[in-house]
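To keep things clear, I will list the structure first and then write my remarks on it.
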Protein chains: 2
Amino acid sequence: MSKPTLKKIAERLNLSVGTVSKAIKDYPDISDKTKEKVKAVVEELSYKPNKFAQNLRNQESKIIGLIIPQIVHHFFSNIVLGVTEAAEKKGYLVIVLESTESYETEMKHLDLLIERHVDGLLLSLADNTIKYNHITEIIDQGVPIVLYDKISKSFDCHKVVIDDKKAAYNATKYLIDSGCKKIAHVRGPLKPQTTVDRFLGYKDALKDHHISFDKSIVFESEKISFDDGKEIAHRIKKNKNIDGVFAFTDLLASGILIGLVQEGVKIPEEISVMGFSNWRLTKMTSPSLSTVNQCGYEMGQKAFELLYEEIIAKKTNTKLKHKTIEIPTELVIRNSTKKPA
Amino acid sequence: MSKPTLKKIAERLNLSVGTVSKAIKDYPDISDKTKEKVKAVVEELSYKPNKFAQNLRNQESKIIGLIIPQIVHHFFSNIVLGVTEAAEKKGYLVIVLESTESYETEMKHLDLLIERHVDGLLLSLADNTIKYNHITEIIDQGVPIVLYDKISKSFDCHKVVIDDKKAAYNATKYLIDSGCKKIAHVRGPLKPQTTVDRFLGYKDALKDHHISFDKSIVFESEKISFDDGKEIAHRIKKNKNIDGVFAFTDLLASGILIGLVQEGVKIPEEISVMGFSNWRLTKMTSPSLSTVNQCGYEMGQKAFELLYEEIIAKKTNTKLKHKTIEIPTELVIRNSTKKPA
DNA sequence: CAGCTTTCCGAAAACGATTTCGGCGCTTTA
DNA sequence: TAAAGCGCCGAAATCGTTTTCGGAAAGCTG
């Protein structure tokens, strides 16, 4: 009738619960004969150990927490997928919580997860997180944690990142190689590391190819919206010399692209447009948008694998050297950029 | 030092664990004086009850399971968000698992969640799920479950759906009202209820407005891809009379839209295009795509609320009449459709 | 003051699984 | 034959909380 337990199996076989438990887990001090008997009953009743009891006894939940800035976002939902699948393979389930880019909810959700005794945490910092006490506290408590995507160098743990600078460098280089002489950059807000790194990659590429950096054709978008992109497109068009645009992210890039098209600019003949992130929509604009692919799925996988290392290290009481892994990016060339000669 | 427990508080105050527990939970048989003393210590040590022990004792996990066809999808990730936030308000956390539209993984993941003793389940059926034994078993076990989006009428439980038929009716009606005389429909595969319902809504709208149904301008897309849409656009263009298209989903609709534009068709002057779902990208095509908005967030919220009812009903041993809630949709009119006179 | 009700608290039994420790009975060895 | 060894199993503590039941002490009545 009700759920089978060790006790019931034990009573049925005239054994003690301890013996049954050990038989199931193949302890060497149980004879093969009783092991067989026990396993037969286990099979028959399709016994599954009670997770609540296991959790309490073993002091582990086999659950990890994943804090994500916004789930409604192609890149991030891919991360969720990568984490979940990697975790499942090792017998872990995942609780996902949004920080909505807010420091307060980040803290609140971190607390919620700690309260639930998650075995580990995966965290991407909210944009307005500038104090890290809540995180160092967690580390001090000994809870395994891995940072991904938006990280900080202020503390020591495993990290997984996109090499934004290198990716931006390559994107800009591609524009140069395809003949662009005056390449504008549309960047995001000042603070987040990602916007800074992409800007630096852009700058480095110019420098390495002897194109002088021109501050006046670096546009800053505060809101990073599609409409913002359109508005910036207008300003770009006014500057007759610009023949290439590298945008901080696809949302902006697509706004710029559509904006330019609507103003009658020929893409890519007159202006090449390059985005960043490989959002789903980039395939569907016309012309389709060249961009940089960030593999969220892979990032999620790697992040979990590192976390798993931490968890094991904690169990076995070993200290780990913390590393920072870079997930490679790749250019996805579509029709918004000219082909190199 | 280590985590505070009831025992430690009890020892410190020379009380028994039972008393401390009851003091914290404001049992009437504890004097106000001891309650105060206990609560002071609780505050001081910032005691949090151990969830593992609570779970075991109370036989509840305060976790619900959410099975979703594909998380990497605007509509579904909004559902995740709606569920998570509603659950959080009631003290529940959510474990999200993908079925990837496969019957086998749906079963596997359901099992995984049951094993973890989730307090309830939210499920959207995979497309190729045709047997329901695994679900009726769960219902028989007494696990609260609510079906959302892709449901089946084969068994009795709370359900939350979009009224696809009505929504499709309204979308088609809008095309008719704006002057379209020959409206094509691009539908998905035969089986899923959603594609059938949308098709029926389309048909009904034609009938109510005395437009004869023409089987030859109903196109079926097996893969439901952007490229499929483009290919169908080609076929639509060949049929000189078609002046309106209602597509099963935005992905197809955008493929059709872009396909038609590339073939030189003027949108919406020559052909109006209407999508379904209000994907993010619909704002960004040119022209932007008119569509039907499905509010995933709201659906997620409602689904959890119903599940919560079930959970409470189970606790209090009451039987519920099961209902099916319809989440309203709305037309989002952009530039791919003519304005009604 | 006997008998009664309150008021307040403690003991202890759950919830199930895990693991240590010890011990019984049998075999081996000197 | 006594000592030592080994194979096999059980008892019991433990994880931390919840809740029932009972009982001691205090207050109240007639």
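Everything numeric here is computed off the predicted structure, so don't read it as measured data. Order of the sequence lines sets the chain letters (A, B, ...), proteins ahead of strands, with each chain counted from 1.
- In the interface, the side chain of A:R57 is paired with the base of C:dT18 through a donor and an acceptor atom under 3.5 Å apart.
- Mapping B:I30 and A:V17 onto DNA chain C by nearest heavy atom places B:I30 closer to the 5' end of the strand.
- Using a 4.5 Å heavy-atom cutoff, the side chains of A:L306 and A:K323 are in contact.
- Listed pair A:S21 / C:dA17 fails the phosphate criterion, with no side-chain N or O lying under 4.0 Å from OP1 or OP2.
- Side-chain contact check for B:T84 versus A:E98: every heavy-atom pair is 4.5 Å or farther apart.
- Judged by distance alone, with hydrogens and angles left aside, A:K3 brings no side-chain donor or acceptor close enough to the base of C:dG16 to form a pair under 3.5 Å.
- For B:K25, counting side-chain heavy atoms from C-beta on, the closest listed nucleotide (C:dT18, C:dA11, D:dT19) is D:dT19.
- Counting to the nearest Å, the C1' atom of C:dT18 and the CD atom of A:E60 are 12 Å from each other.
- Checking the phosphate oxygens (OP1, OP2) of C:dA14, no side-chain nitrogen or oxygen of B:Q59 falls inside 4.0 Å.
- Rounded to whole angstrom, the span from the CG atom of B:L6 across to the C1' atom of C:dC15 amounts to 15 Å.
- Nearest nucleotide to the side chain of B:S31, out of C:dA17, D:dG16, C:dC9: C:dC9.
- Taking 4.0 angstrom as the limit, B:Y27 places none of its side-chain polar atoms (N or O) nearer than this to OP1 or OP2 of D:dT17.
- Looking at heavy-atom distances under 4.0 Å, B:N55 makes no contact with the nucleic acid at all.
- Comment: A:K302 engages A:E305 in a salt bridge, judged by a side-chain N to carboxylate O separation of less than 4.0 angstrom.
- The NZ atom of A:K51 sits 13 Å away from the C1' atom of C:dG16 (whole-angstrom rounding).
- For A:T34, a side-chain nitrogen or oxygen approaches OP1 or OP2 of D:dC9 to under 4.0 Å.
- In the set D:dT17, C:dA17, D:dC9, D:dT17 carries the atom at the smallest distance from any side-chain atom of B:A53.
- Listed pair A:T19 / D:dC9 fails the phosphate criterion, with no side-chain N or O lying under 4.0 Å from OP1 or OP2.
- The distance between atom CG of A:L15 and atom P of D:dA11, rounded to the nearest whole Å, is 11 Å.
- Within 4.0 Å of A:D32, counting heavy atoms only, lies no atom of the nucleic acid at all.
- Both A:V20 and B:P49 lie near DNA chain D, and the one whose nearest nucleotide falls closer to the 5' end is A:V20.
- Remark: the B:K8 side chain and the D:dG16 base include no donor-acceptor N/O pair separated by less than 3.5 Å.
- Per the geometry, CG belonging to A:D26 stands 13 Å off P belonging to D:dC9, to the nearest Å.
- Put simply, the side chain of B:Q294 does not reach to within 4.5 Å of the side chain of B:I327, judged on heavy atoms.
- The phosphate of D:dT18 has OP1 or OP2 within less than 4.0 Å of a side-chain N or O from B:Q54.
- At whole-Å resolution of the value, CG in A:N14 and C1' in D:dC8 are 16 Å apart.
- With respect to A:K314 and A:E60, no salt bridge is recorded, no charged nitrogen being found less than 4.0 Å from a carboxylate O.
- Atom P of nucleotide D:dC9 and atom CD of A:E11 are separated by 18 Å, given to the nearest angstrom.
- Counting distance only, with no hydrogens placed and no angle test, the side-chain atoms of B:D29 and the base atoms of C:dC8 include no donor-acceptor pair under 3.5 Å.
- Per the geometry, CG belonging to A:L56 stands 9 Å off P belonging to D:dT17, to the nearest Å.
- Checked for salt-bridge contact, A:D32 and A:K39 miss the test: no charged N lies under 4.0 Å from a carboxylate O.
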